[in-house]
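Just so it is clear: chains get the letters A, B, ... in the order the sequence lines come, proteins before strands, and each one is counted from 1. Since we're looking at a predicted model, the values are computed, not measured.
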There are 2 protein chains.
Amino acid sequence: MTMAQKNVLKYIILGLLAHRELAGYDIKKLFEEELGDFWYSNHSQIYPELRHMEDDGLISSRTELVGKKLEKKFYQITKSGQQLLSAWMHEPLSQPVPTRDDFTMKLYLLDSAADPLTRQLFQEEIARHEEKYQYLQARWQLLFADEEARQKHFGHRCILQQAILREKQRLDWLRQELKNLPVQQ
Amino acid sequence: MTMAQKNVLKYIILGLLAHRELAGYDIKKLFEEELGDFWYSNHSQIYPELRHMEDDGLISSRTELVGKKLEKKFYQITKSGQQLLSAWMHEPLSQPVPTRDDFTMKLYLLDSAADPLTRQLFQEEIARHEEKYQYLQARWQLLFADEEARQKHFGHRCILQQAILREKQRLDWLRQELKNLPVQQ
DNA sequence: TTTGGCATGTAAGCCGTTACATGATTTA
DNA sequence: TAAATCATGTAACGGCTTACATGCCAAA
């Protein structure tokens with residue numbers, strides 16, 4: 001009954017192509033550079049998916065020459081693709097999935113707060129999220145420092161801001177818990 | 001290089017068995033009732049994994065009769081299993097994976113805050129997280145209402161508390177953003 | 001001219017979901 | 001006695017990762 005993750009990559013690609021035409025490599029780059037914190041797919045998944053979508057008539061393509069021999073294949077969304085994208089955008093959100101986060105699971109499996117591993121685990125998790133927090137803030141500065149940019153790219157601003165807040169909240173909680181751990185000698 | 005999620009289920013099972021012996025069905029129940037927000041596996045994955053782990057000598061088993069015919073197979077962790085579990089617990093945490101959350105992706109793909117879909121999306125996401133927030137708080141009341149219980153089950157208390165805070169923070173942010181959306185007529 | 005990035009592809013395997021399947025036991 | 005739950009299993013399939021593979025182009 002749940003349905004869960006039914007080829008979401010397809011809709012992501014449609015959504016990206018709805019803004020402008022892109023080649024497979026461009027999509028790969030978007031995942032690596034701009035979207036990586038929220039969605040990622042390998043090129044080995046992207047290229048076959050694109051051809052499959054073209055077979056289904058959701059997208060069309062044209063080939064452009066880069067240099068003298070290298071061909072770059074740009075894809076455009078079709079009417080049919082736009083309809084499918086719109087249908088997905090209007091579909092109810094799927095149920096939240098388990099976090100499957102290894103820190104969380106290791107923490108759960110610990111017997112007591114006094115276990116030396118506990119402190120180590122918290123410290124490691126803090127370092128991991130501190131790094132991410134810094135990285136996300138740097139991206140915010142880079143992308144949305146000025147008011148003008150904040151007006152454009154509404155969706156992008158939104159999700160980046162939410163990600164930053166999430167990291168901050170998690171760091172606060174982690175540091176609080178670490179402080180309350182029993183001291184070992 | 002990344003390694004990421006290398007059969008974590010195996011270690012979860014080892015961690016659970018480190019506390020007490022369990023049958024496959026018990027593990028399934030734990031995922032459904034106690035752990036479902038953080039980890040979940042279907043029984044069709046659990047049972048083959050258990051037999052595989054027994055073949056590898058990580059766990060052993062004994063069979064108990066329920067009623068007159070029904071056999072229940074209890075598994076215990078072995079020395080070898082304890083060693084592997086400990087090694088995993090000491091392993092560095094894996095890198096955070098992309099959220100792959102459909103709300104986040106839909107939001108990113110929206111062109112502007114003025115799109116009627118935006119408001120609808122926020123409202124739906126709020127409802128989704130409100131429900132989860134209520135559910136998690138009910139679980140907290142049920143499990144950790146009294147001080148005594150809070151001392152035991154350290155790990156469980158920790159991750160439940162963090163999950164509640166996470167939902168709360170997300171709800172606050174969602175409501176704030178919704179308030180700031182341009183009004184439509 | 002060499003190195004790194006551009007550009008696209010195939011294939012194996014793992015993890016997880018869904019569905020199919022069977023039968024016993026307990027509870028209402 | 002019927003329905004719900006206990007208890008365990010197999011099989012098909014899809015999504016994602018990893019590895020293998022090829023060749024062109026731009027910049028140092």
Side-chain angles (χ1 to χ4, degrees), chain A residues 1-13 21-33 35-36 38-56 61-75 94-100 102 105, chain B residues 1-13 21-33 35-36 38-55 61-75 94-95 97-100 102 105:
Chain A
M1 192 65 23
T2 45
M3 174 151 335
Q5 303 264 104
K6 246 186 60 178
N7 203 359
V8 181
L9 173 60
K10 177 164 75 176
Y11 303 106
I12 310 288
I13 290 177
E21 67 166 16
L22 294 165
Y25 194 81
D26 300 329
I27 294 172
K28 167 187 176 289
K29 276 300 190 184
L30 273 173
F31 286 150
E32 280 172 3
E33 287 160 14
L35 269 168
F38 312 104
W39 193 277
Y40 183 81
S41 292
N42 295 287
H43 78 273
S44 57
Q45 201 182 353
I46 295 167
Y47 289 117
E49 185 61 41
L50 282 168
R51 257 179 307 157
H52 188 238
M53 289 166 72
E54 190 173 19
D55 291 345
D56 290 348
S61 69
R62 65 177 185 84
T63 298
E64 196 172 285
L65 226 59
V66 180
K68 306 220 159 155
K69 283 186 175 179
L70 191 57
E71 293 191 333
K72 193 170 177 176
K73 200 169 178 182
F74 286 94
Y75 291 93
S94 60
Q95 290 306 306
V97 289
T99 53
R100 281 195 169 111
D102 55 355
M105 287 317 299
Chain B
M1 189 70 21
T2 43
M3 174 150 334
Q5 304 264 103
K6 245 184 62 179
N7 202 0
V8 180
L9 173 60
K10 176 163 75 177
Y11 303 106
I12 310 290
I13 290 177
E21 68 166 15
L22 293 166
Y25 194 80
D26 301 329
I27 294 172
K28 167 189 176 289
K29 277 299 191 184
L30 274 173
F31 286 150
E32 280 171 4
E33 287 160 12
L35 268 167
F38 312 104
W39 193 277
Y40 184 81
S41 291
N42 295 286
H43 78 275
S44 57
Q45 202 181 352
I46 295 167
Y47 290 116
E49 186 61 42
L50 282 168
R51 257 179 307 157
H52 189 236
M53 288 165 73
E54 190 173 19
D55 290 345
S61 69
R62 66 177 185 86
T63 297
E64 194 171 288
L65 225 58
V66 179
K68 308 218 158 156
K69 286 185 173 178
L70 191 56
E71 293 192 333
K72 193 168 176 177
K73 200 169 179 183
F74 286 94
Y75 290 93
S94 60
Q95 288 307 303
V97 289
T99 54
R100 280 194 170 112
D102 54 355
M105 287 317 299

Chemist: CD1 of A:I46 versus C1' of C:dA7: gap in Å, rounded?
Modeler: 12 Å
Chemist: Starting at atom NZ of A:K6, determine the distance to atom P of D:dC13, rounded to an integer number of angstrom.
Modeler: 16 Å
Chemist: Would you kindly give the NZ-to-P distance between B:K72 and D:dT5, to the nearest whole Å?
Modeler: 16 Å
Chemist: Taking atom P of D:dG14 as reference, at what distance in whole Å does atom CG of A:N7 sit?
Modeler: 10 Å
Chemist: What residues, two or more places apart in sequence or in another chain, satisfy ring pair (Phe, Tyr, Trp, His ring centres under 6.0 Å) together with B:Y11?
Modeler: B:W88
Chemist: Listed by chain and number, what are the side chain to side chain contact (heavy atoms under 4.5 Å, CB included) partners of B:L30, not counting sequence neighbours?
Modeler: B:L16, B:L22, B:E34
Chemist: Name the residue from B:I27, B:I12, B:I13 that meets the side-chain contact (heavy atoms from CB on, under 4.5 Å) definition with B:E49.
Modeler: B:I13
Chemist: Check side-chain hydrogen bond (donor to acceptor under 3.5 Å, both in side chains) between A:T99 and all other residues, then give those that pass, not counting sequence neighbours.
Modeler: none
Chemist: In the 5'-to-3' direction, what one-character label does each nucleotide of nucleotides 23-28 of chain C receive under the scheme B = base within less than 4.0 Å of a protein heavy atom, S = sugar-phosphate only, - = no such atom?
Modeler: BSS---
Chemist: Would you indicate, yes or no, if D:dT8 has its OP1 or OP2 atom less than 4.0 angstrom from a side-chain nitrogen or oxygen of B:Y25?
Modeler: no
Chemist: Just to verify, what does B:E32 make a salt bridge (charged side-chain N to carboxylate O under 4.0 Å, His left out) with, not counting sequence neighbours?
Modeler: B:K28, B:K29
Chemist: Write down the protein N/O and nucleotide N/O pairs, taken from nucleotides 9-12 of chain D, whose separation is under 3.5 Å; answer none if there are no such pairs.
Modeler:
from: D:dG9; atom 1: N7; to: B:H43; atom 2: NE2; distance (Å): 3.3
from: D:dG9; atom 1: O6; to: B:H43; atom 2: NE2; distance (Å): 2.7
from: D:dT10; atom 1: OP2; to: B:R51; atom 2: NH2; distance (Å): 2.7

Chemist: When you match B:P98 and B:E71 each to their closest nucleotide on DNA chain D, which lands nearer the 5' end?
Modeler: B:E71
Chemist: Going by salt bridge (charged side-chain N to carboxylate O under 4.0 Å, His left out), name the residues that satisfy it together with A:E54, two or more places apart in sequence or in a different chain.
Modeler: A:K73
Chemist: Just to be sure I understand the rule, does B:K29 reach a base, reach only the sugar-phosphate, or reach nothing, if contact means heavy atoms closer than 4.0 Å?
Modeler: sugar-phosphate
Chemist: Report yes if some heavy atom in the side chain of A:D26 is under 4.5 Å from a heavy atom in the side chain of A:Y75; otherwise report no.
Modeler: no
Chemist: Return the 5'-most residue of the pair A:A23, B:Y40 with respect to DNA chain C, ranking by each residue's nearest nucleotide.
Modeler: A:A23
Chemist: Between the opening five pairs and the closing five pairs of the helix from C:dT1-D:dA28 to C:dA28-D:dT1, how far apart are the helix axes, to 10°?
Modeler: 40°
Chemist: Rounded to whole Å, how long is the line connecting atom CD of A:E32 with atom P of D:dT17?
Modeler: 12 Å
Chemist: Could you tell me which non-hydrogen atom of B:Y40 sits nearest to which non-hydrogen atom of A:P98, and how far apart they are?
Modeler: CB-CG, 3.7 Å
Chemist: Give the rounded distance in Å between these two atoms: CD of B:E49 and C1' of C:dC15.
Modeler: 10 Å
Chemist: Residues two or more places apart in sequence or in another chain: which of them pass ring pair (Phe, Tyr, Trp, His ring centres under 6.0 Å) with B:Y47?
Modeler: B:H43
Chemist: To the nearest angstrom, how far is A:L30 atom CG from C:dC6 atom P?
Modeler: 13 Å
Chemist: Just jot down the side-chain hydrogen bond (donor to acceptor under 3.5 Å, both in side chains) partners of B:E64, sequence neighbours excluded, or say none.
Modeler: B:R62
Chemist: For A:P96, give me all partners under side chain to side chain contact (heavy atoms under 4.5 Å, CB included), at least two apart in sequence or on another chain.
Modeler: B:R128, B:K132
Chemist: Using whole Å, report how far CG of A:N42 lies from P of C:dT10.
Modeler: 15 Å
Chemist: With sequence neighbours left out, what residues match A:K10 under salt bridge (charged side-chain N to carboxylate O under 4.0 Å, His left out)?
Modeler: none
